[in-house]
Amino acid sequence: LRYSTPSLQGTARNIAVGNTMGTIGAEISALGTNPAGIAKFSATEFTITPAISIAKSKSTFLNTSTKDDKVKFQLSNLGIVIAGRNSNKSNAGKWNGLKFGFAINRLANYNNDFTFSGYNDKNSLLNAYYEKLNDRDYITDSTDAADKYPFDASIAYRLGLITIDSLGNTFTATNNGHMQQTYNIQKTGGMDELALGIASMYKDKLMLGASIGIPFISYTERIRLEEKDVNDSAYNLNSFLNASYLKTRGVGFNLKVGIIGSPIPNLRLSLAIQTPSIIFMKDAFLTQMEVDYANQSVIYTGESPEGASKYKYVQPWKLTTGAGYIHKYGFVSMEYELSDAGNSKFKFSDASANQYERFVNANIDNKYALFHTIKAGIEFKYDPVRIRGGVQYRTSPFKKSAAPSNLSTDVLTFSAGIGYRGKHFFADLAYMQTNFKEMYVPYQLNTAAWNPVPAATLSTKNPLIVVSVGYKL
């Protein structure tokens with residue numbers, strides 16, 4: 001789900017009008033949505049767009065709420081469109097010449113921090129490890145217990161947090177819960193796309209374009225769980241710490257084709273299709289544990305091997321259609337996007353993983369579904385000033401049967417901005433805020449007596465301040 005619901009940012013102008021410039025055209029961000037939009041350029045143009053992302057999060061866990069803030073600088077857009085200034089006259093009112101575009105656009109921002117804590121009297125992370133090590137079809141002796149789950153349960157076993165006696169009975173050091181749990185989740189990175197496109201316009205009525213997209217993924221996640229025995233419920237255990245690290249890097253490709261028509265003066269109708277992206281992914285991961293025993297003067301530590309994996313991820317297709325009306329005082333525009341998170345797929349090169357590949361992809365298909373994004377924007381023009389506003393609404397990507405209960409997973413984004421347009425130089429300022437919620441379930445248990453596992457509700461307000469500057473030749 002992290003990679004299947006991208007939403008292009010682009011320039012401050014595109015952000016301010018709700019990411020609808022793919023229908024209006026003459027906008028470099030269109031390379032990432034509807035590449036036909038660059039056909040309207042009549043001169044070569046360069047743009048750069050730095051941004052400040054402010055993640056304001058609130059975590060609710062076991063009836064306790066905690067707030068966190070995180071500020072990151074990022075590049076929302078960098079690009080150039082190459083076009084001859086007199087290209088509209090070069091073909092006697094037919095094709096206006098080829099326009100070539102190059103742009104890097106941000107598609108997703110993963111930077112966020114969450115911290116939450118509460119007293120869990122039902123279960124512990126060690127209960128999840130217990131269930132793994134208590135499976136006598138897989139764990140038959142102490143060597144199996146110490147080796148077969150090297151990234152989680154086996155570390156706990158080697159540190160004495162899970163024990164197995166001579167009769168095969170399994171025990172947890174926490175006495176099945178009654179621990180103060182404190183979580184810290186740190187996420188950094190984003191998804192960006194390099195787009196290389198070409199477009200042209202016929203008789204000022206029909207724009208056609210295509211672009212090759214090269215998405216780049218950079219995601220790092222650190223999850224830290226500390227469990228403390230604050231009520232003296234566990235024998236000889238003060239606390240333990242479980243810290244996991246994941247770094248994912250990926251690069252892939254897709255194709256976008258688009259058309260914008262103007263059946264009557266000032267009216268624009270658009271249609272664009274993006275093929276599924278094939279993304280080649282690499283993971284690096286590591287788990288560390290620390291244990292503080294009451295009868296020991298030192299902290300015991302354990303660590304997993306350095307894990308690594310390679311695989312392919314197939315990002316779902318996207319269809320975008322829109323309509324806009326341009327007036328001497330500005331424009332209004334609307335777009336509709338359709339995609340299917342259930343079409344995401346993982347592909348593993350190792351033949352021994354075929355059964356697991358089918359299992360993972362079946363879970364994706366059963367859990368996720370079509371989702372819709374509705375976008376609207378407006379720009380008011382009073383030379384040389386532009387005033388803009390926009391809104392985006394994305395429906396839940398979950399199937400009803402799999403959606404979190406009592407939690408809306410729809411996403412609302414609103415934006416506004418102002419701009420200056422000179423003969424050659426232009427500058428734009430935009431503010432965008434995205435509000436969304438997610439549920440974090442730290443582990444899962446099969447044993448009915450230990451359930452339910454407490455889940456955290458993570459609410460994020462993500463303001464983005466964007467500045468674009470550009471120059472027309």
Side-chain angles (χ1 to χ4, degrees), residues 4-11 13-15 17-41 79 81 83 94-101 103 105 107 193 195-213 215 253-277 315-327 331-341 343 369-379 390-395 397 413:
S4 65
T5 57
S7 178
L8 181 137
Q9 295 177 9
T11 66
R13 186 187 190 194
N14 184 65
I15 288 171
V17 296
N19 189 16
T20 59
M21 289 301 297
T23 292
I24 298 300
E27 162 65 36
I28 200 165
S29 302
L31 283 169
T33 54
N34 186 342
I38 69 168
K40 192 66 176 174
F41 278 93
V81 171
K94 296 181 181 179
W95 295 99
N96 72 338
L98 293 177
K99 314 298 169 67
F100 299 93
N105 292 308
L107 302 183
E193 184 180 67
L196 305 170
I198 185 171
S200 189
M201 180 169 61
Y202 183 74
K203 289 187 176 180
D204 207 29
K205 290 183 176 295
L206 184 66
M207 291 174 264
L208 301 175
S211 65
I212 296 173
F253 62 91
N254 60 56
L255 175 67
K256 301 177 186 70
V257 292
I259 182 172
I260 302 174
S262 187
I264 60 174
N266 301 327
L267 177 67
R268 301 272 171 85
L269 302 176
S270 67
L271 177 67
I273 298 173
Q274 175 183 308
T275 66
S277 298
Q315 190 183 52
W317 51 265
K318 182 187 294 184
L319 182 146
T320 306
T321 184
Y325 186 79
I326 301 173
H327 191 270
F331 66 80
V332 292
S333 56
M334 293 190 66
E335 288 188 0
Y336 165 74
E337 284 184 3
L338 177 66
S339 189
D340 188 351
N343 275 155
L370 286 168
F371 63 95
H372 315 268
T373 305
I374 300 171
K375 304 179 290 184
I378 186 169
E379 177 180 276
V391 65
Q392 301 179 61
Y393 174 74
R394 193 203 73 196
T395 64
T413 300

**Student:** Would you say that Glu193 contacts Pro6 through its side chain, given a criterion of any heavy-atom pair below 4.5 Å between the two side chains?
**Tutor:** no
**Student:** Looking at every heavy atom in both Ala36 and Gly258, which two are closest together, and how far apart are they?
**Tutor:** CB-O, 3.5 Å
**Student:** Of all the heavy-atom pairs spanning Pro316 and Ala341, show the shortest one and how long it is.
**Tutor:** CG-CA, 4.3 Å
**Student:** What are the two closest non-hydrogen atoms of Val17 and Ile378, and how far apart are they?
**Tutor:** CG1-O, 3.6 Å
**Student:** Are any side-chain N or O atoms of Arg268 and backbone N or O atoms of Ile24, one a donor and one an acceptor, separated by less than 3.5 Å?
**Tutor:** yes
**Student:** Of the non-hydrogen atoms in Ala323 and Leu269, which two are nearest, and what is the gap between them?
**Tutor:** CB-CD2, 3.8 Å
**Student:** Check whether more than 12 heavy atoms from other residues, nucleotides or ligands sit under 6.0 Å from atom CD1 of Ile212, and answer yes or no.
**Tutor:** no
**Student:** If we ignore hydrogens and angles and just use 3.5 Å, is the side chain of Thr413 paired with the main-chain N or O of Val391 as donor and acceptor?
**Tutor:** no
**Student:** Is a side-chain N or O of Lys99 found less than 3.5 angstrom from the main chain of Ala83, in a donor-acceptor match?
**Tutor:** no
**Student:** Find the distance between NE2 (His372) and OG1 (Thr395) and round it off to the nearest 0.5 Å.
**Tutor:** 5.0 Å
**Student:** With distance as the sole criterion, is a donor-acceptor pair present between the side chains of Thr320 and Glu335 under 3.5 Å?
**Tutor:** no
**Student:** Give a yes or no answer on whether the side chain of Lys318 reaches the backbone of Gln274 with a donor-acceptor pair at less than 3.5 Å.
**Tutor:** no
**Student:** Look at the side chain of Ser29 and the backbone N and O of Thr11, then say whether any donor-acceptor pair between them is shorter than 3.5 Å.
**Tutor:** yes
**Student:** Of the non-hydrogen atoms in Gly10 and Asn105, which two are nearest, and what is the gap between them?
**Tutor:** CA-OD1, 3.5 Å
**Student:** How many angstroms lie between CE in Met201 and OG in Ser262, if you round to the nearest 0.5 Å?
**Tutor:** 9.5 Å
**Student:** From the options Leu208, Leu206, Asn96, select the one residue that forms a side-chain contact (heavy atoms from CB on, under 4.5 Å) with Ser200.
**Tutor:** Asn96
**Student:** Would you call Arg13-Glu379 a salt bridge at under 4.0 Å N-O?
**Tutor:** yes
**Student:** Are any non-hydrogen side-chain atoms of Gln392 and Ser7 less than 4.5 angstrom apart?
**Tutor:** yes
**Student:** Quick one: are Lys40 and Asp204 in side-chain contact, heavy atoms under 4.5 Å?
**Tutor:** yes
**Student:** Kindly compute the distance separating CD1 (Ile273) from NZ (Lys256), expressed to the nearest 0.5 Å.
**Tutor:** 13.0 Å
**Student:** Look up atom NZ in Lys203 and atom CH2 in Trp95, then write down how far apart they are to the nearest 0.5 Å.
**Tutor:** 10.5 Å
**Student:** On a heavy-atom basis, which atom in Val257 and which in Ala210 lie closest, and how many Å separate them?
**Tutor:** CG1-CB, 4.0 Å
**Student:** With the side chain counted from C-beta on, respond yes when Phe100 and Ile38 share a heavy-atom pair under 4.5 Å apart, and no when they do not.
**Tutor:** no
**Student:** Look at the side chain of Thr373 and the backbone N and O of Glu337, then say whether any donor-acceptor pair between them is shorter than 3.5 Å.
**Tutor:** no
**Student:** Between Thr23 (side chain) and Ser270 (backbone), is there a donor-acceptor pair under 3.5 Å?
**Tutor:** no
**Student:** Please round to the nearest 0.5 Å and tell me the distance separating atom CG of Leu319 and atom CG of Asp340.
**Tutor:** 12.5 Å
**Student:** Counting only N and O atoms by type, is there a donor-acceptor contact under 3.5 Å from the side chain of Asn14 to the main-chain atoms of Met21?
**Tutor:** yes
**Student:** Rounded to the nearest 0.5 Å, what separation is found between the NZ atom of Lys205 and the CD1 atom of Ile264?
**Tutor:** 9.5 Å
